[in-house]
Amino acid sequence: MRMIMNVYLPVDVFNEAVRDGSVGAKMQRILAQAKPEAAYFTEYHGQRSGILVVDVKEASQIPAYAEPWFLLFNAKVEFHPAMTPQDLGASGLEAIGKEWG
């Protein structure tokens, strides 16, 4: 299942990685393992953040995506299911609407 993964990077821990020169290698290692469909880095809630789109085939894969961020950056990680327009079209909204509307 396609998931949007929000990663919130604590300022102090990330700053230390920037200062000691390890931030680039750490980020590349995580991204190489996760192989996100897309990855964007931005400010979110006043702190450095990442928004990644990942394919989680089963729930048991979630730790493999989240733990590197927890362990290397003490990050907060959230997962949100996401649908493409094709997924939404195949969802049967019309039938659900008839049943519940």
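Throughout, residue positions are numbered sequentially from 1 according to the sequence presented. What you see is a predicted model; the values in this text were computed from it and never measured.
For Pro36, the side-chain contact (heavy atoms from CB on, under 4.5 Å) partners are Leu31, Ala34, Ala39, Leu52, Val54, not counting sequence neighbours. Qualifying salt bridge (charged side-chain N to carboxylate O under 4.0 Å, His left out) partners for Lys26, counting only residues two or more places apart in sequence or in other chains: none. With sequence neighbours left out, the side-chain contact (heavy atoms from CB on, under 4.5 Å) criterion links Ala25 to no other residue.
Scanning both residues, Ala75 and Pro10, for their nearest heavy atoms gives CA-CD, 3.8 Å. Pro63 approaches Ser60 most closely through the heavy-atom pair CD-O, 3.4 Å.
A donor-acceptor pair shorter than 3.5 Å can be found between the side chains of Tyr8 and Glu78.
How far OG of Ser91 is from CD1 of Ile96: 5.5 Å, rounded to the nearest 0.5 Å. Between the NZ atom in Lys76 and the OG atom in Ser49 there is a gap of 9.5 Å [rounded to 0.5 Å].
Taken together through direct or relayed side-chain contacts under 4.5 Å among Ile, Leu, Val, Met, Phe, Trp and Tyr, Phe41 and Met5 form part of one hydrophobic cluster. Linking ILVMFWY residues whenever their side-chain heavy atoms come closer than 4.5 Å, directly or via other members, leaves Met27 and Ile51 in distinct clusters. Transitive grouping of hydrophobic side chains (ILVMFWY, heavy atoms separated by less than 4.5 Å) brings Val18 and Leu9 into a common cluster.
Judged purely by atom type and a 3.5 angstrom limit, Asn15 has no side-chain atom pairing as donor or acceptor with the backbone of Asp12.
Evaluation of the salt bridge (charged side-chain N to carboxylate O under 4.0 Å, His left out) test over residues 47-74, restricted to residues two or more places apart or in two chains, returns Asp55-Lys57. Screening residues 34-45 for side chain to side chain donor-acceptor pair (under 3.5 Å), with sequence neighbours left out, gives Arg2-Glu37. Listed by first then second residue, pairs satisfying ring pair (Phe, Tyr, Trp, His ring centres under 6.0 Å) with a partner in residues 67-92 read Phe14-Phe73, not counting sequence neighbours.
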